[in-house]
Amino acid sequence: TNILFQLLENNIVTFVKHELRKMHKVLSQHKPPSLETENEDVMEEAFEKEMRNSKEAFEKITLNFLRRMKQEELADRLQRTPAGAGSKLKSSLKKKFQSVFEGIAKAGSPTLLNQIYTELYITEGGTGEVNDEHEVRQIEAASRKPHRPETTIRQEDIFKVPPGRDQPIRTVMTKGVAGIGKTVLTQKFTLDWAEDKAHQNIHFIFPFTFRELNVLREKKFSLVELVHHFFTETKGICSFEHFQVLFIFDGLDESRLPLDFHNKEILTDATESSSVDVLLTNLIRGKLLPSALLWITTRPAAANQIPPQCVGVVTEVRGFNDPQKKKYFRKRFRDEQQASRIIYNMKKSRSLHIMCHIPVFCWITATVLEDLLETNKRAILPRTLTEMYIHFLVVQTKVNKVKYDGGAEADPHWSPESRKMIESLGKLAFDQLQKGNLIFYGPDLTECGIDIRAASVYSGVFTQIFREERGLYQDKVFCFVHLSVQEFLAALHVHLTFINSGVNLMQIDQPTSDKFKTKTKEPKSLHENAVDKALGSTNGHLDLFLRFFLGLSLQSNQSLLLDLFTQTKSSTETRCKTVQYIKEKISENVSAEKSINLFHCLNELNDRSLVEEIQQSLSSGSLSKDELSPSQWSALAYILLSSGQDLDEFDLKKYSASQEAFLRLLPVIKISSKALLSVCDLSVRSCAALSTVLRAPLSCLRELDLSNNNLQDEGVKLVAAGLKTPTCKLQILRLSGCLVTEEGCLVLGAALTFNPSHLRELDLSYNHPGNTGVEVLSAHLEDPGCTLENLRKNPEQNLDCLLSPSDSCQLSIDTNTVSRKMRISGDGRKVTHVAEDELYPDHPDRFDVPPQFLCRDGLSGRGYWEVEWGGQALLAVSYKKIERKGNTHDCLFAWNDHSWSLRCSDNGVFSVLQNKAETTVSASSSSVSNRVAVYVDCPAGTLSFYRVSSGSLLHLHTFNTTFTEPLYPGNDFLVNVKLS
Ligand SMILES: Nc1ncnc2c1ncn2[C@@H]1O[C@H](COP(=O)(O)OP(=O)(O)OP(=O)(O)O)[C@@H](O)[C@H]1O
């Protein structure tokens, strides 16, 4: 032990000497040094924290001794070093952020941030583009991964310079819809710093909220004073220029500061006084404290207040993905059984599961389900947003009763006081929503008949609904815990007003004075007025309100609110009329945003024809697939999923026969058991997505029709990868006309060897399986261990022709159509261009002017042929009715709506033409071969062109249309064409 103690003494003495030397250095300098000296030692992470604690402790000891030695001045200076101020700030921020505000704080049971914090899905949001959509409409957007790879960002890397960028990031703007977790994210970041867990390169973090800053809008401060005002711990430090400082400004959307970036007032001195908005604009522009880091969070609609050039990186919080949702509930409910039960129920309800990608909904769901499942194990879970919020309101009232009034849970929920409270809050919510306000001050409350002194009781009672925040020493500011709660209470208010006094608050151009309010007993016009009003709003601020409002008109929902409602009469009839009215509006060509919200409304009204309505809008083009943004697509998928309707059979053609629609509606396909996807212009990209569906452990897909899509072997391999997963229970797979060759067949065969016990039917007709392909697959038919019983191969009998180069169409040229500029040779299958006119007889079918011809037989089924050309040629198919005489466009292939063609040239440039429009489809310089293939499927309405390259086909283009007459192959050429 002697040696040990000797060693210990040596170590401690070395440490103390080292620390004292540093302190000496610090105190003998004029300016506060950067903390780099503090971190000069390279320490291991775990060791680092211990060391820092020791250093802090030693600093205390030194201070203590200095003061005992009456060296007050030195002690003060030492305390003002960044290490001293930093650690004080850390401990105060630790206290502030270790618990999350969830409304229950007042009841004395804080939720610990570290305990519930669940990783969020954050992506880099590209440029600082303006997005003034109302966030409600983006709510559903985030839950599913789009097909484009996105850059995801970890919380701890927010300020890391992305690879390929050399400029350090000064300002980060984080966007996200309400309740998605922006505030919590900044709090976690700060807490990690304060607890020495991360971001230790930053010396000071100053987390501000716009809510608090609003209160100071009339005052004047210098930047340093502003910091000292909020963070008194740093009062000893008069300049932050030599430190790495991070300013966080949370909730730009709540700002009431006049942030005017055009203002010429330039401020560069951090000790010069000005108004808070001038401080902020200069800080953001980089004029003030250019070395500082800035982090601004905002809901999307308010992001445009900051000029894009002032923002280095935009990130977006997208909420929880599926595994993160689960994690959230596991963290929230420590009792494993309870957590599992809640997760089970959440997942069971399609719409709940989707809603839960927004953390605030997770929290509401947790509150509602905890209560619902406790009181009644078989409780019917909320399906729509309105139901969810009604339950939330009821639970809150109940909790409040038990907690504050000492009532029993079994008491009827609505006491006269709580009823009065809901009425006042509803009025406040509605009045402020109309004005677009999210936060309120004393006078706003008085205006709605809420006593300001009683307001704290209100917020105490309904903490989770109505949250009171104390701006520093000043006015109190109020807001609803979530914008959607405000929208819900506003909707409730309009209903209650109508029921209690017959006043229709939705009347357009409603005069404010009560005496002008018209009384009507007709709820129908109330609903119609509400729809009109929401449709009339340009920024959509009443969209979610409308969803709640119509949802609340349902008798079933009103009865959930028990005696709060005197129920409205003849609801069914009214409901039908409202549904009809909404459908009329949808068909009136309203914008995509508006129609999607109207679909949401139909969903809230439990309308059973919703799925049909969406199909109708998409397929008729009144909702154009090309105009839908990714988030609108997800909203559609969300509505379909939460409609509660039977989506077992999914037929993509009923929506839109396109790859885009396929990828966007994938969440719907995931839950269907039969997916009909034939002739939908799908390619390998769709197969990759399908593969994940097939591999999903609980995939319920049993029948998959992919016929007549350009999948080729590459796509089929991806489908096979899904098929071979043991959990894949697919029974029927149709791949007819998908350009599968032997290679694809072998992979399918291998998949069947891995997973032989489900697939019963495999359709591979109209492909090129080759003999080996057929043999391998046929062997599975014989195998008793394999369930395959029906293998469809190419038909023995030639229909029109087979999609197989070896059995290609035997086309013959109709000599009566051949232009005199062409000479036929070989066995009548080769055509060459001639300078001198040939002496063909006159014929009504002959092309007079253009050098064109048609083949003899028209196709009305399927056909495949190949053409070899030299120079430049035009391959075409045409209806027989194409003009032959005169020099008009009507005679030219692809200059009218009854012929289609592909232009080929020696230099590898291909383009397709139809009805006078030409589109380049491929321009590869290496010409593989001068051979192209045409595949036409008349009943399916597809016409595809391929390049033939050493036996395989490279897709060039597919036309999707409806062929109303038989198609005749034809050619126009400048050099030579040979048919085969
Ligand atoms: N990462 C998280 N882990 C656990 N819970 C979270 C997380 N993020 C958010 N929550 C829950 O969601 C609630 C709302 O989150 P938060 O206040 O951060 O949203 P916000 O994006 O700032 O919304 P707003 O724009 O309305 O201010 C929190 O009170 C908390 O209950």
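Counting starts at 1 for both ligands and their atoms, following the listed order.
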- Message: Are more than 12 heavy atoms, taken from residues, nucleotides or ligands other than Q309, located less than 6.0 Å from that residue's CD atom?
- Response: yes
- When you look for heavy atoms under 4.0 Å from ligand 1, do you find them on the side chain of L120, its backbone, both, or neither? side chain
Between ligand 1 and [X], is the shortest N or O to N or O distance under 3.5 Å?
{"X": "T118", "answer": "yes"}
{"X": "K182", "answer": "yes"}
{"X": "W363", "answer": "no"}
{"X": "V184", "answer": "yes"}
{"X": "G181", "answer": "yes"}

- Query: Among G251, P359, G176, which residue places a heavy atom closest to atom 9 (C) of ligand 1?
  - Reply: P359
- Only one of F230, F204, F206 passes ring-ring contact (aromatic ring centres under 6.0 Å, His included) with F247, and that residue is F206
- Query: Would you call the rings of F392 and Y389 parallel, tilted or perpendicular, where under 30° means parallel and over 60° means perpendicular?
  - Reply: perpendicular
- Query: Among all residues two or more places apart in sequence or in another chain, which pass the side chain to side chain donor-acceptor pair (under 3.5 Å) test with W193?
  - Reply: none
- Task: Tell me whether the centres of the aromatic rings in F231 and F208 are closer together than 6.0 Å.
- Result: yes
- Check whether NZ of the Lys or CZ of the Arg K325 lies under 6.0 Å from the centre of the six-membered ring of F320 and within 45 degrees of that ring's axis. no
- Message: Show the atoms of ligand 1 that are less than 4.0 angstrom away from any heavy atom in Y328.
- Response: 4 (C), 5 (N)
